[in-house]
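Below you'll find the structure, written out as structure tokens, and then a few comments.
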Amino acid sequence: MGDSQVFTSVKSLQKRLHTDRKNSSIGLFPTMGALHHGHIALVKQAMEENDVVVVSIFVNPTQFNNPDDLEKYPRMLEKDIELLNEVGDVIVFAPDVEAVYPDDFEKLNIDLGKLGETMEGEFRPGHFDGVMNVVKRFFDIVKPNRAYFGMKDYQQAAVIKHMVKETNDPVEVVVCDIVREETGLASSSRNVRLSEKQKEEALIISQTLNFLKSIAGKYLPIEACGKAKQFFKDGKLELEYLETIHPVTLKRLETKWVPGAHACIVAYSGEVRLLDNIQLIPFVEK
Ligand code: AMP
């Protein structure tokens, strides 16, 4: 049982980290809270790989393009801290909006090119701008040696890696596997907004990805994707997008598979937006 220290001000957090920094490695795990066992797996990995772990809990308004989604985003700091205490001692950074975006906040402008145009970039304009800026702000505050992100947000991880390259931040970006419920549903903070029936219906998402994986290679990407969209239609959810993509450039694959080819999907169950992804083709060993 841990006893996590909670900081809300940048100054007090930095004061605490100043002492740690001398002989210790610092791992940062940025989250928006409403923690679940998927998050906890990342916290455990960060604890194994670093002497000190900072978990930031901040529902970042600038990455929401839908005010209703922002308002309904689950917030449960007390419960989050309890959950983190079950894992051990971490430092919780739970600032308010003013602390993250002071009056003299300077916005980072990085051209994401294709990375920012497809999928989330297309359906959530401004989203990655918000994500990049908040992550950069936390990097500047915490100055971590490593920062942890989930493969669950595949495009986000690609954007962060790009940002780190562009800014030359001396931080190692660690991308961790997707954690799923036993049913196959990707664990998500948004799942608390689903009824049991909706959770069952949402299984069509991972089933569609698995179906697509099972036929990848037998068809051209565009054909396989079309068949998977047909498969998805047997379910009750509304599809926003399903794409077969290049694992690094994220460009849509249509007529040729590449090693590491990936699929990303977003679908709505009622008003709840759910996303998932899967690797379709393994990377070949050189
Ligand atoms: P969130 O609080 O939902 O923004 O997530 C914070 C971080 O945890 C992001 O890097 C997510 O990709 C990661 N994450 C969330 N859910 C999962 C999951 N089921 N498996 C792995 N990583 C996750």
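Along the sequence shown, residues carry numbers from 1. One-based numbering, in listed order, for ligands and for the atoms of each.
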Could you list each nitrogen or oxygen of ligand 1 that sits under 3.5 Å from a protein nitrogen or oxygen, with the atom names and the distance?
residue, atom, partner, partner atom, Å
ligand 1, 2 (O), M32, N, 2.8
ligand 1, 2 (O), H39, NE2, 3.3
ligand 1, 5 (O), H39, NE2, 3.4
ligand 1, 10 (O), G150, N, 2.9
ligand 1, 12 (O), G150, N, 3.2
ligand 1, 12 (O), G150, O, 3.2
ligand 1, 12 (O), D153, OD1, 2.6
ligand 1, 19 (N), V179, O, 2.9
ligand 1, 19 (N), S187, O, 2.8
ligand 1, 20 (N), V179, N, 2.8

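- Side-chain atoms of Y154 and E120 form no donor-acceptor pair, as typed in the model, at a separation below 3.5 Å.
- Electrostatic pairing of E48 and K44 does not count as a salt bridge here, judged by no charged N lying under 4.0 Å from a carboxylate O.
- Counting only residues at least two apart or on different chains, the salt bridge (Lys or Arg N to Asp or Glu O under 4.0 Å) pairs with a member in residues 18-41 are R16-D20.
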Show me the donor-acceptor pairs within less than 3.5 Å that the side chains of residues 212-219 make with the rest of the protein, sequence neighbours left out.
residue, atom, partner, partner atom, Å
S214, OG, F211, O, 2.6
K218, NZ, S214, O, 3.3

Name the atoms and distances for all side-chain donor-acceptor pairs under 3.5 Å in residues 223-236, with sequence neighbours left out.
residue, atom, partner, partner atom, Å
E223, OE1, L220, N, 3.1

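- Expressed to the nearest 0.5 Å, how far CG of N66 lies from NZ of K72 amounts to 8.5 Å.
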